[in-house]
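All chains are named by letter (A, B, ...) in the order of the sequence lines, taking the proteins before the strands, and each is independently numbered beginning at 1.
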Amino acid sequence: MDLLSQLRGQIADFSAFLHREGFVDDQFTQLQKLRDESSPGFVVEVVSLFFEDCEKLVNNMAKALEQQIVDFKQVDSHVHQLKGSSSSIGAARIHNVCIAFKTCCEDQNRNGCVRCLQQVNHECIQLKNNLQTLFNLEQQIIAAGGSIPAKQ
Amino acid sequence: MGSNSIVSNRRMPEKMNCFDLSPNSNSDSEAEEVHVLAVDDSLVDRKVIERLLKISSCKVTAVDSGWRALKLLGLSDDEEEDKSSSSSSDGFEGLKVDLIITDYWMPGMTGYELLKKIKESSSFREIPVVIMSSENVMTRIDRCLEEGAEEFIVKPVKLSDVTRLRDYYMATREIRSAGSGINVNKRKLQESF
């Protein structure tokens with residue numbers, strides 16, 4: 001099997017894994033379809049923006065939860081933002097944690113919120129690593145003379 | 001054959017008398033492209049909606065707040081609302097847009113409030129406004145449609161949502177500009193049932 005076919009096999013398997021484990025959902029696939037010659041870096045760009053946003057929000061939430069008196073409305077508005085953007089890029093696991101996180105905010109449950117924040121952080125790191133692997137595979141395909149997306 | 005005959009001469013020039021038959025005439029190609037004003041406070045969502053619209057052959061202007069949208073349109077005349085350092089010059093005409101798509105939940109001015117301001121304005125009320133929201137709340141949807149929103153889209157927005165919007169807009173634009181009196185306002189259609 002030539003290198004290109006091997007790489008394509010790898011990326012197909014890895015994508016299937018990401019979907020199966022719920023790291024990404026159909027919305028991510030939708031975004032991948034929006035790439036073309038004029039905007040080949042679209043997915044990488046949006047994903048990068050998402051993680052920048054995520055980091056800022058996580059920091060803000062951490063600060064808010066450290067306060068003597070927690071402003072749950074503020075935490076909730078950060079969670080709402082993260083919930084929205086994670087849904088827009090298809091980051092399913094992060095989105096799901098945000099749903100639970102919102103409930104904790106509504107219940108004014110500080111411990112629950114802290115736990116959710118830790119989970120969000122964990123999921124963000126995992127997704128970042130996974131998507132980096134995916135993008136690396138794509139780069140390798142391009143270097144081997146293939147194109148992304150593959151001609152179907 | 002008389003020189004006024006239309007059907008017989010195959011090599012007739014594209015422009016004849018008052019009929020411009022060229023498929024890419026200036027006014028037509030600019031008018032064909034739908035110009036959408038997208039409003040969303042989330043940078044990620046703005047990038048996504050921008051791409052969805054561009055891929056659907058729409059021209060896009062994306063802003064991060066209702067205030068900025070109103071300023072761009074030329075609707076905002078309140079000095080206090082101008083928090084940006086750039087001031088609009090005298091004689092600023094305002095952006096011409098065919099469709100406005102806005103997020104519902106934004107800090108400062110919600111999409112609903114933006115919708116109201118647009119529908120209250122005599123010069124802008126004809127512009128179709130579409131609301132997007134991550135929450136599928138019936139009362140919210142009804143409120144927006146009552147206020148004159150063309151459609152309510154639940155996020156995440158997909159390509160199929162955007163192409164459907166564009167097609168709907170293109171189809172109803174003919175009716176709108178013909179001024180045939182057919183009211184394509186969704187609210188009115190609902191009331192007639």
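- If you run side-chain contact (heavy atoms from CB on, under 4.5 Å) between S85(A) and each of V44(B), L43(B), V48(B), only V44(B) comes through.
- Both the backbone and the side chain of L34(A) come within contact range of chain B, with heavy atoms under 4.5 Å apart.
- Within 6.0 Å of atom CD in E106(A), more than 12 heavy atoms from other residues, nucleotides or ligands are found, so the atom counts as buried in its surroundings.
- For a residue to count as touching a neighbouring chain, one of its non-hydrogen atoms must lie under 4.5 Å from one of that chain's; by this rule E45(A) touches chain B with the side chain only.
- Annotation for D45(B) and S88(A): closest pair OD1-OG, 2.5 Å, computed over non-hydrogen atoms.
- Between atom OG of residue S39(A) and atom NZ of residue K54(B) there is a gap of 8.0 Å, rounded to the nearest 0.5 Å.
- Looking at heavy atoms from C-beta onward, K155(B) lies out of side-chain contact with Q27(A) at the 4.5 angstrom threshold.
- If you measure heavy-atom distances from L159(B) to chain A, the contacts under 4.5 Å come from both the backbone and the side chain.
- Under the 4.5 Å side-chain heavy-atom criterion for Ile, Leu, Val, Met, Phe, Trp and Tyr, I125(A) and F50(A) are members of distinct hydrophobic clusters.
- Chain B forms the most heavy-atom pairs under 4.5 Å with one residue out of D36(A), L31(A), D26(A), and that residue is D36(A).
- To the nearest 0.5 Å, atoms NZ (K33(A)) and CG (L52(B)) are separated by 12.5 Å.
- Checked by atom type and distance alone, the side chain of R51(B) never pairs as donor or acceptor with a backbone atom of F42(A) at under 3.5 Å.
- Linking Ile, Leu, Val, Met, Phe, Trp and Tyr whenever their side-chain heavy atoms come within less than 4.5 Å puts I148(A) and L4(A) in one cluster.
- Using a 4.5 Å cut-off between heavy atoms, S38(A) contacts chain B through its side chain alone, with no backbone atom that close.
- At least one side-chain heavy atom of H80(A) sits under 4.5 Å from a side-chain heavy atom of S134(B).
- M132(B) and V137(B) are not part of a single hydrophobic cluster, where members link through side-chain heavy atoms under 4.5 Å apart.
- Although no hydrogens or angles enter the test, the distance criterion places no donor-acceptor pair under 3.5 Å between the side chain of Q81(A) and the main chain of S42(B).
- Using a 4.5 Å cut-off between heavy atoms, L49(A) contacts chain B through both its backbone and its side chain.
- In the hydrophobic clustering of ILVMFWY residues, with side-chain heavy atoms under 4.5 Å counting as a link, V120(A) and I99(A) come out apart.
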